[in-house]
Amino acid sequence: MSRRDDLAAGLAEVEERLVRACEAAGRDRSDVTLVVVTKTYPASDVVLLAELGVRDVGENRHPEAGRKREEVLAAGHELRWHFVGALQSKKASAVGAYADVVHSLDREKLVAGLSNGAHRAGRDLEVLVQVSLDDPDDEHAAAERAGAAPGDVPALAAAVAAADGLVLRGVMGVAPLDADPAPAFAALAEVSARVRADHPAATVVSAGMSGDLEQAVASGATHVRVGRAVLGERAPTR
Ligand SMILES: *Cc1c(COP(=O)(O)O)cnc(C)c1O
């Protein structure tokens with residue numbers, strides 16, 4: 001099989017899972033956006049995905065994300081680029097200048113950088129507040145936690161909503177790897193409801209990956225971020 005056939009098969013499989021998950025949850029398939037996470041894979045894969053109809057792709061590292069976007073643009077494909085990885089504050093401005101959506105704002109320090117980048121690029125940047133879904137008593141998880149504590153999310157959301165060039169779109173979460181994802185996604189849905197009480201337009205819930213997209217759709221995810229199930233297993237070193 002060619003790489004193109006591989007990717008088409010992966011996409012078809014994920015599409016079928018999404019259709020079934022939406023059916024089971026009594027939701028419209030059109031209510032859930034598939035973001036294909038292409039991190040660690042070459043720009044040539046992103047071009048093939050674009051030719052296969054993918055419109056939303058996710059990356060987790062700067063500057064690789066920006067470079068791949070340029071390559072894919074040069075090949076004639078204007079996609080929506082979602083930045084889903086940990087953000088360093090000194091890189092936030094650069095990412096804000098090329099990303100269409102940033103899923104990983106988890107501290108106030110990032111607001112100014114992203115706002116500055118969006119302003120320089122002369123456009124609006126959509127932002128999700130990343131919520132930590134780890135058990136707060138798990139010290140190991142706390143050490144490498146990404147995401148804001150649920151109680152800190154309303155203030156962060158307000159800071160994003162008030163920032164020049166940023167559009168608050170909702171929340172994002174990653175379920176703990178070694179536990180049932182359902183309680184984590186339920187917690188994220190609760191945080192989302194709290195954010196929407198203040199910001200009715202912030203309707204995005206980005207949750208679910210290759211291993212747990214069904215549970216995420218059942219809990220109301222509007223965006224799933226799927227890598228391996230479309231592109232294959234990544235090399236173990238990355
Ligand atoms: C890599 C990544 C994904 C995709 O994970 P898969 O298991 O490959 O589907 C989703 N979200 C984030 C934040 C990621 O870093």
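In this chain, numbering begins with 1 at the start of the sequence shown. Read the numbers this way: they start at 1 and go in the same order the structure lists the ligands and their atoms.
- When Glu59, His103, Arg228, Met172 are checked for heavy-atom proximity to atom 8 (O) of ligand 1, Arg228 turns out nearest.
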>> With side chain to side chain contact (heavy atoms under 4.5 Å, CB included) as the criterion, how do Val217 and Arg27 come out once you've worked through the C-alpha distance, each side chain's angles and the decisive distance to 0.1 Å?
In response: CA-CA 9 Å; Val217 168; Arg27 302 181 60 197; 4.0 Å; yes
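- Residues Val32 and Leu18 meet the side-chain proximity criterion, which asks for heavy atoms closer than 4.5 Å.
- At the shortest separation from atom 6 (P) of ligand 1 among protein heavy atoms lies Ser210 OG, 3.5 Å.
- Atom 12 (C) of ligand 1 has its closest protein heavy atom at Arg225 NE, 3.8 Å.
- Note on ring orientation: taking the six-membered ring where Trp is involved, the planes of His82 and His223 are tilted (angle from 30° to 60°).
- Between Glu16 and Arg20 there is a salt bridge, since a side-chain N of the basic residue sits under 4.0 Å from a carboxylate O of the acidic one.
- Between Gly227 and ligand 1, at least one pair of N/O atoms sits closer than 3.5 Å.
- Among all protein heavy atoms, the one lying closest to atom 13 (C) of ligand 1 is Val84 O, 3.5 Å.
- In this structure, the protein non-hydrogen atom closest to atom 10 (C) of ligand 1 is Met209 SD, 3.2 Å.
- Contacts of Lys39 with ligand 1, taken as heavy-atom pairs under 4.0 Å, involve the side chain alone.
- Between the side chains of His119 and Asp164, a donor-acceptor pair is found at a separation under 3.5 Å.
- Set against the non-hydrogen atoms of Val226, the atoms of ligand 1 under 4.0 Å away are 9 (O).
- A ring-centre distance under 6.0 Å is not found for His62 and Phe83.
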